[in-house]
Each structure stands twice: as C-alpha cells, then as structure tokens.
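Quick caveat, the model's predicted, so the values are computed rather than measured. Protein chains get the first letters and strands the later ones, always in sequence-line order, with residue 1 at the start of each.
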Number of protein chains: 4
Amino acid sequence: MELFAEQGYEKTSLREIAERLDVTKAALYYHFKTKEDILISISDDLIQPVDELITWAEAQPRTLATKQEVVRRYSDALWGARDFFRFVQENQASVRDLAIGESFKGRMTAVNALLHEPGASMTSQVRSLTALFALHAGMFTVRDLEGDPEEKRAAVLEVALDLVTQADAGDTADPAGTGDVLTD
Amino acid sequence: MELFAEQGYEKTSLREIAERLDVTKAALYYHFKTKEDILISISDDLIQPVDELITWAEAQPRTLATKQEVVRRYSDALWGARDFFRFVQENQASVRDLAIGESFKGRMTAVNALLHEPGASMTSQVRSLTALFALHAGMFTVRDLEGDPEEKRAAVLEVALDLVTQADAGDTADPAGTGDVLTD
Amino acid sequence: MELFAEQGYEKTSLREIAERLDVTKAALYYHFKTKEDILISISDDLIQPVDELITWAEAQPRTLATKQEVVRRYSDALWGARDFFRFVQENQASVRDLAIGESFKGRMTAVNALLHEPGASMTSQVRSLTALFALHAGMFTVRDLEGDPEEKRAAVLEVALDLVTQADAGDTADPAGTGDVLTD
Amino acid sequence: MELFAEQGYEKTSLREIAERLDVTKAALYYHFKTKEDILISISDDLIQPVDELITWAEAQPRTLATKQEVVRRYSDALWGARDFFRFVQENQASVRDLAIGESFKGRMTAVNALLHEPGASMTSQVRSLTALFALHAGMFTVRDLEGDPEEKRAAVLEVALDLVTQADAGDTADPAGTGDVLTD
DNA sequence: AATGAATGAGGATTCATTCAT
DNA sequence: TATGAATGAATCCTCATTCAT
C-alpha cells in the first residue's frame with residue numbers, strides 16, 4: 001500500500017512490490033492471483049473500520065449527535081488508513097476500472113446516507129457530502145497549508161462538523177430546501 | 001483531453017491519441033516533444049480562464065462580495081473545462097510527477113489566497129479551501145446523487161458560497177481563530 | 001513457418017522468430033498484431049494454390065478424369081507448401097483454437113466435396129477422404145519407410161488415385177452403398 | 001488424458017491436472033517425476049492392447065485372413081483408447097520430442113509390418129500404411145462427415161480392409177510393384 | 001503420502017521514443 | 001510536415017519444478 005500510495009497503481013510494478021517485500025514476483029503470484037488482487041486483499045483489511053462504523057451508526061438514533069459522532073469516527077477511520085484513502089483519492093482514474101472502485105463508492109454512499117434524512121433538500125445532501133470530502137481532501141491536501149498538523153486536523157474536523165450541523169438544521173427546519181441556514 | 005479524462009494518463013497511449021486524431025504517432029512527435037508535452041499544451045489553453053480570474057481578482061478590493069464573485073467565476077471556469085479538471089482530480093498520482101502538477105497546485109493556492117486574509121485562522125483557511133474542493137468534487141462526484149444536474153450545480157455553488165461567507169465572517173469577527181461562527 | 005513446422009506452434013517463441021529473422025521482437029509486433037497473426041499471414045500465402053485448385057475444379061465437369069486430376073494437383077499443392085501442411089497436421093491441437101483451424105478445415109471439406117457426388121454412399125465418402133489423408137500423411141510419415149523419396153511420392157499418389165477411382169465406381173455403379181467395388 | 005486430448009500437451013498445465021484430480025501439484029510430483037512421466041504412465045496402460053495385438057499376430061500365419069483380423073482388432077484397440085490416440089494424432093509436434101513419440105512410432109511400424117510381406121512393393125507398403133491412417137484419421141476427422149457414427153465406423157473399417165486386401169493381392173500377384181491391382 | 005510456499009526462466013505483449021527518408 | 005519502421009525496456013503473468021516440513 002505504501003508503494004501504491006506513493007507512486008500510483010499503474011506506476012507501481014509487481015517487480016517493485018516484490019523487491020520491497022524481498023520475495024520473487026512468482027511468490028507474489030502464489031499468494032495473489034493478479035495485481036488487482038493484491039490491492040483488493042489490502043483494502044479488505046483497511047476498509048473494515050468504515051464497515052464497522054456503518055454498522056454501528058445504523059443501530060443508533062438518527063440524531064444530530066449521532067451524525068456528529070459519525071463524522072468524528074470517520075475522521076479517525078480515515079486517519080488510521082491514511083495511505084489507503086489517499087491512494088483511492090489520487091488514483092480515481094485507475095480505481096474506476098478496479099473492483100475496489102465500486103466497493104469504495106458504496107461505502108461513501110452509505111456513510112453519506114447516515115448524515116442526512118432520506119428526503120433531505122439537495123443543498124443538505126451536498127452539504128453532508130462536502131463534509132466527507134472535506135475530511136478526505138483535508139487529510140492530504142491540507143499538507144500544503146502552513147501550520148501544526150494536529151491543529152490542521154482539528155480545523156478540518158471542525159469544518160466538517162459545521163457542515164453536517166448545518167445540513168441537519170436544513171433538513172429539520174426547512175425540508176423544502178431553500179437551504180439558507182445562515183439567515184435563520 | 002477526452003482520452004486522458006476517460007482513461008487516465010497512464011492508460012492512454014500515444015497510439016490511441018494518434019488514432020483518435022487520425023494521424024501517425026510520428027506526426028505527434030513532430031508537434032510535441034513528449035507525451036507529457038501534449039498534456040501541457042492542452043492544459044495551457046484550458047487553464048487560462050483561471051489565470052484571468054486570478055488577474056481580475058487581484059485588482060479588486062478584497063471584500064466578501066469579491067470573494068463570492070471569485071467562487072462564482074471559478075465555478076464557471078471549472079465547468080468550462082470540465083474534462084481537464086476532472087482529469088487532474090482523478091489522476092493526482094500521475095499528475096504529481098508531471099509539470100502540470102506544480103502549475104495546477106500553484107493556481108489552487110493562488111485562488112485559495114484570494115478567499116481569505118493572509119493572517120486568517122486555520123479554520124477559516126480550511127473553510128475556504130473546502131469551498132474550492134466542494135466545487136471540484138461537486139462537479140464530478142455529485143453525479144452519483146439523484147436529481148437535476150442544474151439543481152445540483154446550484155446547490156454545490158450555494159454550499160461553496162456559504163463556506164467562503166463563513167470564512168470571511170471568521171476572519172473579520174474573530175481573527176484569533178476559535179472559528180465558531182455558528183454560535184455567534 | 002520453418003520454426004513452426006520444426007518445433008510446433010506453442011514451442012516456437014517470438015524471441016526465436018525474431019532471432020531467426022534478425023529483427024527485434026518489437027519489430028515483429030510492428031508488422032503483426034499477435035503471434036497468431038504471423039501464422040495467418042504466412043498461411044494466407046501458402047494456402048492459395050489450394051484455393052486456385054478448388055476454383056479450377058468447380059469449373060470442370062465432374063468426371064473421373066477431373067477427380068483424378070484434382071488428386072494430382074492437390075498432391076503438387078501439398079508438396080509445394082510442405083512445411084505448412086506438415087505444421088497443420090502435426091499441430092492440430094493448437095490449430096484447433098486458431099483462426100487457421102477453421103479456414104483449413106473448410107478447404108479440406110471443399111476438396112473432398114470435389115471427389116464424390118453429393119449423395120454418395122458413406123463408403124465412397126470415406127474412400128475419397130482417405131485418399132486425401134493418404135496424400136497428407138504420405139507426405140510426412142512415409143519418411144519412415146525405406147526407399148527413394150520420389151518413388152514413395154509416386155506410390156502415395158497411386159494409392160490416392162486408386163481410392164478416388166474406387167469411390168467413383170461406387171458412386172456411379174452402386175449408389176445404394178454396399179460399396180464392395182472389388183468383388184464387382 | 002482427457003485434458004491432454006482436449007487441450008493439447010503444451011496447453012495443459014500441471015495446475016489444471018492437479019485441480020481436475022483434486023490433489024495438489026506437489027502430490028503429482030510425489031507420484032510422477034515430470035510432466036512427461038504422467039503422460040508415459042497413462043499411455044503405458046492405454047497402449048497395451050496394441051502390444052497384445054502385435055504379440056497375437058506374430059504367432060499367426062501371415063495370411064490375408066490374419067491381416068484382416070489385425071485391422072479389425074486394431075480398429076477396436078483404437079476405439080477403446082480413443083482419447084489417447086486422438087491425443088497422439090493431434091499433438092505430433094509435441095510428442096516428437098517425448099519418449100512416447102518413439103514408442104508410438106515403433107508400434108505403428110510393427111503393426112504395419114504385420115500387414116505386408118517384408119519385400120513387398122512400395123505401393124503395397126503405402127497401401128497398408130494408408131489402411132492404418134484411415135483408421136486413425138477416420139476415428140476423429142470423420143466426425144465432420146454427416147451420418148450415423150456406427151455407420152461411419154463401419155465404412156472406415158471397410159475401406160481399411162479393402163486396402164490391406166489390395167496390398168496383399170499386390171504382394172502375392174505382383175511383387176515387382178507396378179501395383180495396378182484394379183486392372184487385374 | 002502429501003503439501004504450502006517458493007522460484008528461475010520464460011511467455012506474449014505494449015509502450016514511449018527515435019530516426020532515416 | 002510527415003511517416004514507416006524499428007527498438008530497448010518494461011509490463012503482467014504462467015510454468016514446470018523443488019524442497020522443507
């Protein structure tokens with residue numbers, strides 16, 4: 001996963017992976033059927049915390065507090081598997097034709113569904129989706145901002161929490177969807 | 001650019017490009033020094049509206065109204081060169097080692113700088129950066145949401161505008177940066 | 001074709017072909033799309049005499065003399081493209097999944113059709129088919145028999161001619177098909 | 001043998017064999033020294049009827065009736081080990097470098113020797129050899145002819161019997177070998 | 001008797017790039 | 001301005017075989 005995250009999927013060859021693990025290419029092929037299979041095998045492990053989060057959240061009442069906790073836990077899950085999520089974000093073009101593409105998109109959709117009511121306004125939906133993107137992008141791109149990493153993580157989390165809070169306010173106060181929560 | 005956007009940089013070969021343009025590979029090499037050079041040449045054209053936006057904005061007073069207009073114009077610029085920006089977003093791993101990587105990051109930084117004061121709080125910086133990401137991601141990933149495309153674009157724009165508005169409020173009202181604009 | 005005939009299709013690698021022709025593997029791939037394509041390209045040339053034979057024969061009256069002439073000419077065609085026909089005979093398992101498999105079978109069927117009437121008895125059909133096999137097998141397997149090559153070729157041709165003659169006698173004299181021409 | 005016959009020797013891998021037998025590759029290597037050894041082991045069993053036929057025939061008087069019986073029994077032996085003989089016929093190129101190549105050719109030569117006198121004319125030799133080829137080829141290629149399988153087998157056998165009968169007539173009546181038995 | 005793990009050698013194929021014409 | 005031909009280097013992947021356990 002380090003290699004995939006550093007170099008991208010296409011630019012990481014089985015030769016490199018084998019060398020890094022100090023095994024032969026053929027040994028890799030004994031354990032994994034294809035290059036893609038290596039990726040699948042890694043991501044199955046790494047994506048598990050997200051699955052657990054989804055399972056947990058579905059058993060909770062769909063309150064604002066729950067939504068905020070989902071965001072916090074998602075942030076932790078992302079951080080715990082940084083390399084993997086960075087890889088997916090930076091290799092969307094490759095991932096699109098890979099099995100993990102679908103599986104990943106499915107999780108994103110599921111988590112997003114946890115953050116707003118089914119009939120929420122378009123604006124609310126976009127807001128909660130943006131909260132997720134903020135976490136994703138924040139995790140990697142914020143590197144380019146100056147400042148203490150921990151402080152940056154905290155700021156990203158805060159912005160994401162604001163977004164779901166506003167989405168929730170929009171859902172409950174204004175289901176029709178003009179969505180202007182700020183003027184409330 | 002269509003091919004690069006559809007298939008990704010690595011997976012698009014010069015053979016394919018040549019076939020699509022109905023010229024020979026060697027003819028491509030008469031006009032462009034390398035594969036990367038083809039991409040540079042295309043992106044030089046497509047990124048120009050963003051440069052014009054930056055030039056324009058730097059001559060404006062740095063007011064909230066200006067920031068909001070920057071967001072609106074950036075949204076238009078993105079939409080006008082959809083394929084290109086989608087390409088950059090989905091091929092970050094490849095783009096990172098390419099010349100356009102730096103040039104693109106530079107523009108992002110410049111546009112982001114237009115959206116908040118130099119000494120803004122970390123939260124404000126993240127908020128305006130998130131506004132930009134919302135526009136980027138919104139452009140492509142929102143495809144998976146149900147609903148009318150125009151309505152979706154409008155919602156994305158609204159969320160982005162909210163974010164810069166909140167960032168601006170944070171900058172001016174609370175330069176120290178607890179950043180909690182909602183409770184104000 | 002020499003390599004394919006000597007070693008078989010699977011056991012002949014593109015490396016070997018390239019070395020024999022003193023070009024690089026990549027140069028081969030400039031001229032031929034796949035390994036199979038190399039074979040197709042060769043066989044297209046070599047099978048032509050058989051096509052000409054079929055065209056010629058279809059314009060002739062379907063007499064015994066014509067059939068005998070078909071056998072003679074087919075023998076010549078086989079001899080002229082020895083390597084190719086030997087290759088097909090000795091690599092049936094490989095050729096079966098290749099494009100030339102079908103094309104070859106088609107020619108065999110067409111030539112066989114020239115040697116007996118449409119409604120001929122099963123025995124007559126088998127006899128003319130055996131004439132063809134005699135020519136094929138005779139060409140290569142008879143190598144193991146002692147004796148002068150020219151004399152062997154002549155003997156094979158004689159046996160093949162006998163077989164079509166008998167098949168013809170069976171067709172005309174005994175269409176019902178007990179087929180015992182010898183006791184007539 | 002099913003796999004070898006269906007796919008050819010080169011295209012059948014030990015992995016496939018192991019999977020078909022539901023054992024591991026390593027287990028195969030416990031019982032057989034090499035891939036070729038697997039084939040040898042199978043063919044040793046399957047070729048035995050031919051050896052018995054040869055043994056039997058060598059104890060018989062070398063009459064026409066014996067020769068005809070050899071053909072009949074050979075036809076049965078072929079039919080009983082269809083897969084094997086089809087394999088050998090369709091994989092001559094591979095079999096040539098394998099131990100069974102020589103062993104198989106030896107049997108063919110031996111059976112052929114049973115069908116004509118040592119000093120027979122070239123034409124007679126070719127005729128009896130063709131009888132054998134007719135049986136071989138007939139067994140598989142005749143599939144492409146329309147008609148009842150049993151009827152086809154009978155027709156092939158009839159043609160083969162004719163050929164040895166004619167060969168025998170040539171041997172005894174015309175040892176010098178102009179070979180034109182039909183005009184007799 | 002059996003196997004999980006491993007490997008060296010080699011397979012076909014694709015690629016970005018070059019260059020003489 | 002253009003191209004046909006070529007190439008070195010690399011790709012993913014498969015194979016028959018080995019061996020410690």
Atom [atom1] of [X] to atom [atom2] of [N]: distance rounded to whole Å?
X       : N      : atom1 : atom2 : result
B/Leu28 : F/dG4  : CG    : P     : 13 Å
B/Ile17 : E/dT14 : CD1   : P     : 17 Å
C/Lys25 : F/dA10 : NZ    : P     : 13 Å
B/Glu19 : E/dC15 : CD    : P     : 10 Å
D/Glu10 : E/dA12 : CD    : P     : 12 Å
A/Tyr30 : E/dG8  : OH    : P     : 17 Å
B/Leu14 : F/dA6  : CG    : C1'   : 16 Å

**OP:** Using the six-membered ring wherever Trp is involved, compare the ring planes of D/Phe104 and D/Phe84 and label them parallel, tilted or perpendicular (cut-offs 30° and 60°).
**Re:**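 Aromatic pair D/Phe104/D/Phe84 classed perpendicular.
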
Original post:
So B/His136 and B/Tyr74, would you call those rings parallel, tilted or perpendicular, with 30° and 60° as cut-offs?
Top reply: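 Ring orientation of B/His136 relative to B/Tyr74: tilted.
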
Original post:
Taking the nucleotide of DNA chain F with the closest heavy atom to each, which residue, C/His31 or A/Ser13, is nearer the 5' end?
Top reply: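 The residue closer to the strand's 5' end, by nearest nucleotide, is C/His31.
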
Subject >> Along DNA chain F (nearest heavy atom to each residue), the more 5'-positioned of B/Tyr29 and D/Glu36 >> reply: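 Result of the comparison: B/Tyr29.
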
Subject >> Closest-nucleotide ordering on DNA chain E, the 5'-leading residue of B/Thr12 and A/Thr24 >> reply: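 It is A/Thr24, whose closest nucleotide lies nearer the 5' terminus.
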
**OP:** State whether A/Phe4 and A/Lys35 meet the cation-pi test: NZ (Lys) or CZ (Arg) under 6.0 Å from the six-membered ring centroid, and within 45° of the perpendicular axis.
**Re:**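 No; the conditions do not both hold, so A/Lys35 does not lie above the ring face of A/Phe4.
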
Subject >> Base paired to E/dG10 (Watson-Crick or G-U; both N/O distances under 3.5 angstrom) >> reply: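 Its partner is F/dC13 (Watson-Crick or G-U wobble, both distances under 3.5 Å).
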
Subject >> Test: C/Glu90 and C/Arg86 ion pair at under 4.0 Å >> reply: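 Between C/Arg86 and C/Glu90 there is a salt bridge, with a charged N closer than 4.0 Å to a carboxylate O.
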
